[in-house]
Every structure is written in C-alpha cells, then in structure tokens.
Amino acid sequence: MKNISLDVTKAVQFLAEGTVKAYEPKVKNAQEALENGTCPGNDFLGWLHLPSSITPAFLQEIQDCADTLRANCEVVVVAGIGGSYLGARAVIEALANSFAWLVGDKSNPVILFAGNNIGEDYLSELTEYLKGKKFGVINISKSGTTTETALTFRLLKKQCEEQRGKEEAKKVIVAVTDAKKGAARAAADKEGYKTFVIPDNVGGRFSVLTPVGLLPIACAGFDIKQLVAGAADMEKVCGKDVPYEENPAAVYAAVRNGLYEQAGKKIEIMVNYQPKLHFMSEWWKQLYGESEGKDGKGIFPASCDFTTDLHSMGQWIQQGERTIYETVISIEKSNRELLFPNDDENLDGLNFLAGKRVDEVNKMAELGTRLAHVDGGVPNIRISVPELNEYYIGQLIYFFEKACGISGNILGVNPFNQPGVEAYKKNMFALLDKPGYEADSKAIKERLANEK
C-alpha cells in the first residue's frame with residue numbers, strides 16, 4: 001500500500017544550496033530529545049508512539065460505545081473546544097458526504113459540534129433544533145470547567161434529561177475526561193455516565209487518536225481501525241532510525257525552519273483543492289500555532305481553500321509581501337467521477353472541457369497555480385495523499401504531529417505547552433466577577449475606566 005509523500009523541490013530552490021542537509025544534525029537532536037524524553041514539555045509525549053500502542057480491545061470498547069449512541073440517537077452533539085473537537089471534525093468532514101445534513105442518511109446520526117464558542121444565537125438555535133429529537137452528548141473536557149464547553153454541556157444535559165428522562169439520558173451522555181480529577185470526572189461518576197480517559201501525557205491538539213477523536217469519528221460511521229492503522233504505519237515511516245532524506249516528517253520540519261530562519265518566510269499557508277479538507281486545515285492551524293507561537297517566535301499558520309480562495313486571496317498570494325510559503329495537500333484520486341458535459345450553444349465557451357473529469361480540471365488548476373505562485377516568489381511544499389479515506393487521513397495526522405514535535409524543538413520552544421492561552425481567560429473571569437478573581441477584577445475595571 002502506498003504512503004502519503006512529500007515534495008519539497010519547489011521550496012528548496014528558494015534556499016541556499018545545502019541548507020536542508022545542514023539541518024540534519026538539528027533534526028537528529030530533536031528526534032532523540034523526543035524519543036529520550038529530554039525535550040521541553042517531555043511530560044506530554046504520549047502521542048509519540050500512541051498509534052502503535054492502541055490495542056484491538058481498546059478500539060472495540062470505543063466502537064461498542066459508539067454503536068450504543070448510533071442505535072439510540074438521531075443526533076450526537078460533540079461538546080468540546082480546540083483540540084477537543086477540531087481533530088474529530090477534521091476527520092468527519094473529510095470523509096462524510098458534503099451534504100450529509102441535507103441528505104438525511106438514516107444509517108448514521110447527525111454529528112453536531114458545540115462548546116467551541118459562546119454564541120448565544122448559536123446555542124439557542126442548537127437547543128431549538130434538538131427539541132423533540134433523540135439526541136446524545138459526548139462531553140470532551142479534561143477539567144470540566146472550560147467556560148465554552150461547560151456552559152454548553154450544562155444546557156445540553158438539562159435538555160437531554162427533560163426530553164428523554166434522567167435514566168435514559170445516562171445511556172446517551174458520554175464523558176471523555178481526566179482519569180481521576182476535575183468537574184467533568186466528578187459529574188460523570190455522580191451521574192453514572194460511560195467515560196473514556198484523556199491521557200495525562202497527551203495534549204489536546206495531539207489527542208485526535210485518543211477517545212477525544214476516535215469516539216466521535218466512530219459515531220459518524222467511519223472505520224477507526226483503519227484510521228489508527230494509517231497512523232501506526234506513518235509512525236514507522238517517520239521513525240528516528242529512518243534515513244533523514246527518506247523521513248517525510250524530518251524533511252518537512254527542516255524545510256519549514258529553513259524557510260523561516262534563512263528566507264524570511266514568516267507565514268505558512270496550508271492549501272487544499274478539496275473542500276472536504278477545510279477543517280483539516282483548521283486542526284493543523286491549532287497544532288502548529290499553539291505549539292510554536294511563543295517566546296516571540298513561530299511561523300504564522302494560515303489556510304486557504306482553493307480554487308475558492310484564489311478569487312479572494314489569490315492576488316495577495318501572487319504579488320503581496322514575500323513573507324509567505326505554501327504547503328499544498330493534494331489528493332491524487334477522487335472518490336467519485338463526474339464528467340464535464342457538452343453544451344450545443346457553448347455560450348460560456350467551455351466545450352473544450354467536454355468529456356473531461358471535473359477532477360482533471362481541478363488538477364490542472366492546482367498545477368497552474370503552483371507554477372504561478374512559485375514564479376511569483378512563493379515557495380511551495382506538496383503533500384500528496386493517494387486518496388481520501390480513513391487510512392490516509394490517519395497517516396496525515398501522524399505525519400503532521402511528528403513533524404510538529406521535531407520543528408518546535410528545532411525552533412527552540414516548548415511545543416507542548418500553551419501559556420498564552422490563559423491570558424484572555426483571566427481577564428474574562430475578572431470581568432465576570434468570578435470568585436477568586438477580585439483583585440484582577442478591580443485592576444481591570446480601573447484600567448478600563450481610565451481608558452475612557
């Protein structure tokens with residue numbers, strides 16, 4: 001079976017000769033630090049060999065729970081934010097029918113995502129939609145006190161119990177949380193919910209191959225065994241003993257650091273030509289932004305959906321400030337076939353495309369754009385994915401995770417913490433007069449009054 005592959009030829013041409021080779025010692029040191037647990041954040045390395053450590057029995061336990069939800073729910077709401085929902089959503093939307101919510105597929109429940117914002121209209125519309133529906137909830141939170149998710153779960157729990165009765169609700173509410181502590185664990189133990197553990201040594205943005213991602217993905221009807229198998233195979237491909245030039249994660253980490261440090265490329269645009277990959281880019285943005293954006297360092301992760309965004313961002317990419325490079329996820333084979341029709345009147349002048357597959361047109365758009373952007377001074381990295389299925393999505397997930405761990409260590413930051421995320425929370429809690437934040441509340445309110 002093929003693997004995803006990496007082409008950096010259109011990126012290294014923007015670097016001095018020998019640059020990628022020169023990063024080999026740094027990459028080797030980064031890999032050894034990950035393997036030996038000597039890098040910053042070494043208490044969060046549980047993802048490193050996670051795919052190969054997942055047992056069939058564990059996957060079956062997750063599948064059994066998913067089957068219970070699937071059998072008893074028209075709708076499953078996944079409550080989580082950041083890494084507690086982005087990975088699952090990325091996989092589900094990559095594999096699902098683009099119009100699943102309109103098609104009304106009776107064999108699979110509708111999967112909705114909430115707890116990732118504090119939108120009053122959104123939550124009100126969600127609860128209105130769920131009225132009269134048999135729905136269940138997967139509450140994903142390590143602490144159980146993350147404001148967005150806790151607020152949403154409180155609303156959903158109450159509604160589920162009112163509509164289905166407390167005893168029936170217990171069967172369709174699942175908690176994915178800490179093993180022993182936290183509000184979500186306490187609530188799950190008190191109510192008797194089925195629970196799965198978020199490993200202490202796996203951070204949220206690296207958690208898609210834990211129950212955080214696997215349970216929602218299984219509920220959506222996708223093959224989590226194949227997802228894990230793909231990741232496990234990519235774990236081998238990106239292993240520390242694989243020769244440097246043959247290790248895609250090592251080369252990707254080296255090239256992106258070379259572009260950042262030596263070519264002044266401060267922005268990486270993740271590009272796809274397959275609209276199903278929109279949320280894969282969103283997951284990738286958190287993975288790299290939260291891992292590397294600290295200590296005044298880090299490449300800014302952005303994303304575009306092509307060809308759509310060529311009609312809005314294409315001008316800036318082609319001729320704007322030359323601080324960017326692109327990483328393109330290219331899907332080699334589409335899962336469906338659609339031929340471009342002939343039109344006798346040919347008013348749009350497109351009969352030259354008649355009989356061609358739509359994907360062929362898309363591929364030529366991809367190739368033409370790549371050539372134009374490289375000519376315009378934009379380095380281009382290409383990740384080729386044989387087809388869009390569980391196995392290759394699993395490969396892609398692990399590839400990005402491993403490369404992120406290597407890249408962050410080369411950069412000289414702790415890739416596994418996120419201290420800056422707490423700043424807004426402290427201010428928000430102070431402004432809402434949360435107990436324990438009295439001093440902060442007074443200081444912030446005085447500051448705001450002075451600014452007026």
Side-chain angles (χ1 to χ4, degrees), residues 30 33-34 39-48 50 78-91 113 115-118 140-143 145-149 176-178 198-210 212-213 231 249 252-253 256-257 259-261 265-270 277-304 324-325 327 329 396-428:
L34 289 171
C39 61
N42 54 20
D43 49 344
F44 284 97
L45 294 174
W47 58 272
L48 190 59
L50 178 62
V78 180
I81 194 169
S84 293
Y85 97 101
L86 277 172
R89 188 165 189 178
V91 175
F113 296 89
N116 49 67
N117 61 58
I118 316 177
I140 305 174
S141 177
K142 186 82 168 172
S143 66
T145 58
T146 302
T147 306
E148 295 89 342
T149 305
V176 183
T177 186
D178 190 87
I198 303 173
D200 285 337
N201 60 355
V202 179
R205 57 190 177 275
F206 289 86
S207 67
V208 63
L209 297 173
T210 74
V212 168
Y252 177 56
R256 63 194 307 276
N257 274 276
L259 290 170
Y260 175 64
E261 294 175 345
K265 304 303 180 182
K266 308 295 184 182
I267 301 168
E268 180 175 12
I269 303 176
M270 182 60 62
L277 292 177
H278 174 83
F279 271 93
M280 183 58 68
S281 294
E282 294 300 304
W283 169 78
W284 172 86
K285 283 195 290 189
Q286 185 199 3
L287 180 65
Y288 280 81
E290 205 167 72
S291 295
E292 295 189 328
K294 57 199 69 165
D295 302 338
K297 302 176 183 178
I299 300 166
F300 181 79
S303 64
C304 284
I324 60 171
Y325 67 96
T327 296
I329 303 177
L396 196 61
I397 287 168
Y398 188 83
F399 161 76
F400 279 131
E401 289 181 345
K402 184 64 178 288
C404 185
I406 296 171
S407 184
N409 274 282
I410 293 173
L411 188 61
V413 299
N414 178 350
F416 310 116
N417 69 354
Q418 53 280 341
V421 175
E422 302 305 315
Y424 91 89
K425 295 180 183 179
K426 187 179 84 167
N427 290 344
M428 179 178 69

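The shown structure was predicted, so the numbers you read here are calculated from the model rather than taken from an experiment. In what follows, every heavy atom counts, from backbone to side chain, and hydrogens, waters and symmetry copies are set aside.
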On a heavy-atom basis, the closest approach of Ser84 and Val212 is CA-CG1, 3.8 Å
Contacts of Ala231 meeting side chain to side chain contact (heavy atoms under 4.5 Å, CB included) (sequence neighbours excluded), chain-then-number -> Pro51, Leu209, Tyr398
| said: Is the distance from the ring center of Tyr288 to that of Trp284 below 6.0 Å? | reply: yes
Tightest non-hydrogen contact, residues Cys404 and Pro415, listed as O-CB, 4.5 Å
By salt bridge (charged side-chain N to carboxylate O under 4.0 Å, His left out), Lys142 pairs with (sequence neighbours left out) Asp178, Asp200
Residues at least two apart in sequence or cross-chain that pass salt bridge (charged side-chain N to carboxylate O under 4.0 Å, His left out) with Lys265, listed by chain then number, are none
- Decide yes or no for Tyr325 and Ile269: does some side-chain heavy atom of the first lie under 4.5 Å from some side-chain heavy atom of the second? no
Donor-acceptor contacts under 3.5 Å from residues 40-47 side chains, at least two apart:
from  : atom 1 : to    : atom 2 : distance (Å)
Asn42 : ND2    : Gly37 : O      : 2.8
Trp47 : NE1    : Phe44 : O      : 3.3

With no hydrogens and no angle check, is any side-chain donor or acceptor of Asn414 less than 3.5 Å from a backbone partner on Phe416? yes
On a heavy-atom basis, the closest approach of Leu396 and Met280 is CD2-CG, 4.2 Å
### Query
Under 6.0 Å from the six-membered ring centre of Tyr260 and within 45° of its axis: does the NZ or CZ of Lys266 meet both?
yes
The complete set of salt bridge (Lys or Arg N to Asp or Glu O under 4.0 Å) pairs with one or both residues in residues 292-304, sequence neighbours excluded, reads Arg256-Glu292
Sorted by chain and number, sequence neighbours left out, side chain to side chain contact (heavy atoms under 4.5 Å, CB included) with Ser281 holds for Met270, Asn272, Ser303
Here the pair of heavy atoms bringing Leu34 nearest to Asn409 is CD2-ND2, 3.7 Å
So, Thr149 side chain and Thr146 main chain: donor-acceptor pair closer than 3.5 Å or not? no
